[in-house]
Structures are given as C-alpha cells and as structure tokens.
Number of protein chains: 2
Amino acid sequence: MIQSVERALSLLDYLAEHPESKHSLTEMTEFLGIDKSSVFRLLSTLMNRGLVRQDEGRKTYQLGFGIYTLAAALRTQTKITEIVSPFLRRIAVETNENAHLAVRSGMSAVFVDRERASKTISANTNIGDSEELHCTAVGKCLISELDEKSLRILFEDAPMSRYTDNTITDIDSLVAEMAKVRELGYAVDAEEYERNVVCLAAPIINFEGVVEAAIGISGPKDRMEAQMDAFIRTIREAGLELSETLGARRSRPSL
Amino acid sequence: MIQSVERALSLLDYLAEHPESKHSLTEMTEFLGIDKSSVFRLLSTLMNRGLVRQDEGRKTYQLGFGIYTLAAALRTQTKITEIVSPFLRRIAVETNENAHLAVRSGMSAVFVDRERASKTISANTNIGDSEELHCTAVGKCLISELDEKSLRILFEDAPMSRYTDNTITDIDSLVAEMAKVRELGYAVDAEEYERNVVCLAAPIINFEGVVEAAIGISGPKDRMEAQMDAFIRTIREAGLELSETLGARRSRPSL
DNA sequence: CAATGACGTTGTATAAAAAGCAATATGAAG
DNA sequence: CTTCATATTGCTTTTTATACAACGTCATTG
C-alpha cells in the first residue's frame, strides 16, 4: 500500500532470494525498474537500520544483522502452539481423527497441544502427556534427523520397550526406520505402541533446518488404513507448510 | 532517509522491543506520534509482506514469520568468519598476541580463522587445525553451555588426555569448570595443554542463545599474565559484541 | 598516463504519493 | 439498544519521494 515501504521490502526479499551475497546498486536498480537514486536512498535507509549492510569497499550490498535482532525477538515472543493450533483444528475436522503436536524433551515426546475430532470415542492423549520416542509416529519424527551414531548414543542406556508385536526394539531397525522417515517426510506408527492404533506424523522444521516439533494424527487401525493415502498427504503438507512458516529451507549454512 | 520506510522499520523495532506481543494500532500511533491512518497503512504494508501479523480478531499486531525467511537467508549467506575477521585483526593488534576463531566439530574445537600478532614468534595454530575441548580455552567455551548430564555423555567414551600438570582430566572438575565459564563469561587455559602457553577465550552466542563459536587469544605465560585483566576485558567484550551482532539476547523462548 | 566509461553519490524541480483530517464502519460494553 | 472506543476508508493538501541531471570516484585500456 505504501510504495516506498513496499519497494524497500522488495529489496530485502531480493537480497534474501539471491544467495550470491554480492549485489551492486545497478543490479538492484534493474530489478526494481526505478531510478538509481531512489534505490540508493532506499538502501541507505535500510542500512541505517541495520537490515542491510555493505561490503568492505562499500560496493556491494547484502542482508544485515539487524534481521537477527528481529528474528530473536520473534522467537522469544512466539509459542509454537499458537502457530500450530489452527492446523490442528483443521486437520481434526478434515480427518475426523485426533490431531496433536509434540516436542522432544529428553527421551520423550511431550504433547503440547491437541485437538479432538468430534466423532472420536477414544481420547488417548492429553496435553502434557509424554510418550516414548521409538514407538510413536511423533517420536520418530523428533529423532529422525539424528545420524546413526547419535541414535546409538541416545538409546544406549535407555532400552526400547516392547509394547506390541510391531514395536521396534533393536537399534539397527530404528536406524533404518529413521532413514525411511527422512526419505518419505513422514512417520508411521503401525500398532507399534498400542494394539489397533495407527498414527501418522510429520516433522516441523525451523529455519536452522532443525526438527522443532512434530504434528500427528492417530486413530483406530481400520479407519486410519481406509484413508491412509489422503491422511498422509494431509499430515505431510501440514508439516511442510508449518516448516515454511518457520523459515525452513533446503540448504544449510557453511562454516 | 526515506521517511515512510524509516517509520515502517521503527514499527518493527517497536514490536521487537516490546515482548508483550499484543499491540493495538492506537498504541503504536502514540509511539510514532503520527496519524492513525498512516500507521494503519504502514502496518498493512508490512502485513502484506509477512513481516507483521494480526491476531485472531484482527485487533492486535505482532512480528510476522516473514522475518524468519529473511533470517534463514541471512544465515545461509553469512560465513561467521566474515563477521569475526575484523575483530581478530583488532585484537591481534591491541594485544600483540595471536587471536583465533574456533567452532565445534564433534569432539574437537576447529580453528576456522586466525590472525597473527606482528611481534609474535610462535605461531601455534593454523586454520583447519583442531584441538581438544577439555584443555583449551576455546574448547571450554564451545561446551560451556552443556549441562552436567550432557557433558558426561559427551566424554563417556572419549577420555580426557593429560598434557600438563594443569590439564583437567576428570569429569567432575570439568563440570565445575564449565559452571565457572558460564558465570564469568570467558574461559582460561592456564598451561593446560602446553607448557608456558596461556589462552583466553569468550563464547559467541547466536540469537537462539546457542554457543556458535569461540574467539580467543593465546601467548606465552609471562606476557599473558602481565596483562591478564586487560586481555580478559578485551576478549569478553569482543564475545559480547559479536553475540549481539548475531542477535543474542538474555531470555529464552518458551515451549 | 590520460582518456574513457561504468558505477556510485548528491542537488533539485516537479510530480506523485503519503499525511492528515474527517467521515464511516465495526465491535465491545453497559 | 445505545454509547463508546477503536479500526478502516475517502479525499484534499502538503510533503516527500522521485526522476533527471550533474558530479565524484574508481578501474580499465589504448
């Protein structure tokens, strides 16, 4: 609505989307399609506020560290539950199954939010409950990024309890399972914790590329299996959208 | 320089600096001291670009997740060495001792940058070198945030080698030493790795409150001890300033 | 080494956009 | 239902951002 502000923000976006990290004034002038002097003053303003910085010889521009100050503030102000709640509601309605949000705490997946489906009889999880990592869909998501060595260390003095015939109880199988989760982008708990209960979950990845939480649904085996493909799509897309909201990207920083 | 952009950025700063996370339009109007309609349009523009968001009933404003997108981009684009290099040069000149920057890689502190002091004879560290965590000042900084349990796990199957009489080789002493580092804000290696060599280092903390790197100086015992207090101040201040640059704060996010 | 050219920076008249005012809408409280 | 507070929109005026042009600055090249 306010032109100069929009242009300034376009410059920030441009700098963010072009990682070459060396951008001249003329280059950005061409991008915006307006006069050099205007771009110069826009960049100067952004520089004064620390959102843009110049290299050594004041020749090229890139994003400035003021961004970090804002990000740090946003981080302290935002509870992940606030972001995820509407998703939980939508998923619970769409799937007619219970939806939940979990974060990792030590060796547990702790449920920090939950939305019941109207027609569901069973209400197996409550906020604050914790479950084990090796036998639940959200749990698997929360440790899915760990490499083999880390997994072995993690479960070294924490035996994987068996709950059903399907429970994964040896570390080799778990390592393989984690690779599968990473590849597919979601995790399944096929009656591995409780008979007749199937869960699906997807990781929520933040802007550092770290799994910060997991979003999942669970329900009785027959209902879950009947709509498996649709549910998988729903939960994967929710995970991806939430990850994008938190600024997740493909690449990782160097050094 | 460009008024409307400056005002828009002031609004972002205001939202960042007031963590109550619920801010009405009139409140921000009073802050900027300009007309409501202008503030409204500024906020609308920022909202369109995702840098500001509104709560449920479109009543209050707070920082938006577009910030994360920018922060993620900045993170991928920025090498920490670029930020720290000028500090290393300044410190090397000021102290006349070698200055270096290290990050953690597994059980090692890896040196990723270094600046030699002109009058120094010994050049003990080179870029790419790695040292152990328990017996060096930078190493101590890099693990200073770990709690007792994590430290014990970390050193479980990695014995702490003894290099001198001063080397810390038992986990209890190391745990105590880490508490000291956290309290003081810097770490000392008093001939713990090499005879006659004393090192000082300070952690560099990013906007998540995580130790991302450590900056340090080292030199022969007599020279170091002669100016200990001044050197400590120099290295601590460098660490604090760099941490601030990376957006470090006091508080940590909840949930 | 001078000349040329590319790019960044600054001054200024003018056109355009943002500010302010006032009117209207929305929603909460009594 | 009325009242009040706050958000939103329309419109005129003034301010400000823009474009143009002139000037610096630096690097390249004949």
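In what follows, every chain begins at residue 1, and chains take the letters A, B, ... in the order their sequences are listed. Because the structure is predicted, anything quoted here is derived from the model rather than measured.
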For nucleotides 12-14 of chain C, tabulate all protein N/O to nucleotide N/O atom pairs closer than 3.5 Å, reporting atom names and distance.
none

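In this structure, a donor-acceptor pair under 3.5 Å is absent between the side chains of E27(B) and Y61(B).
With hydrogens and angles left out, the side chain of S4(B) and the base of dA18(C) share no donor-acceptor pair within 3.5 Å.
For dG8(C), the OP1/OP2 oxygens have a side-chain nitrogen or oxygen of T26(A) closer than 4.0 Å. When the side-chain nitrogen and oxygen atoms of S38(A) are compared with OP1 and OP2 of dA19(D), one or more of them lie within a distance under 4.0 Å.
Atom CD1 of I34(B) and atom P of dG20(C) are 6 Å apart (whole Å). In this structure, CE of M28(A) is placed 15 Å from C1' of dC7(C), rounded to the nearest angstrom. What separates CG of D35(B) from P of dT16(D) is a distance of 14 Å, to the nearest Å. Regarding I2(B), its CD1 atom lies at a distance of 6 Å from the C1' atom of dA17(D), rounded to whole Å. In this structure, the NZ atom of K36(A) is 10 Å from the C1' atom of dA21(D), given to the nearest Å. Taking atom CG of L43(A) as the reference point, atom P of dA17(D) lies 15 Å away to the nearest angstrom. Atoms CG (L25(A)) and C1' (dA19(D)) sit 14 Å apart, rounded to a whole Å. The separation between L42(A) atom CG and dG8(C) atom P is 15 Å, rounded to whole Å.
Taken to the nearest 0.5 Å, the CG atom of L200(A) stands 9.0 Å off from the CG atom of D189(A). Rounding to the nearest 0.5 Å places CD of E212(A) at 14.0 Å from SG of C141(A).
Not one N or O on the side chain of T136(B) forms a donor-acceptor pair closer than 3.5 Å with the backbone of E131(B). In terms of modelled atom types and a separation under 3.5 Å, the side chain of Q54(B) and the main chain of M47(B) share no donor-acceptor contact.
Remark on DNA chain D: of its neighbouring residues R7(B) and M1(A), the 5'-side contact belongs to M1(A), judged by nearest-heavy-atom nucleotide.
Each of dC20(D), dT9(D), dT9(C) was ranked by its minimum atom distance to the side chain of Y61(A); first place goes to dT9(C). Picking from dC20(D), dT9(C), dA19(C) the nucleotide with the shortest atom distance to the side chain of S37(A) gives dC20(D).
Crowding of M1(A) atom CE: a count of heavy atoms from other residues, nucleotides or ligands under 6.0 Å not exceeding 12.
For F31(B) and H23(B), the ring centers are positioned 6.0 Å apart or more.
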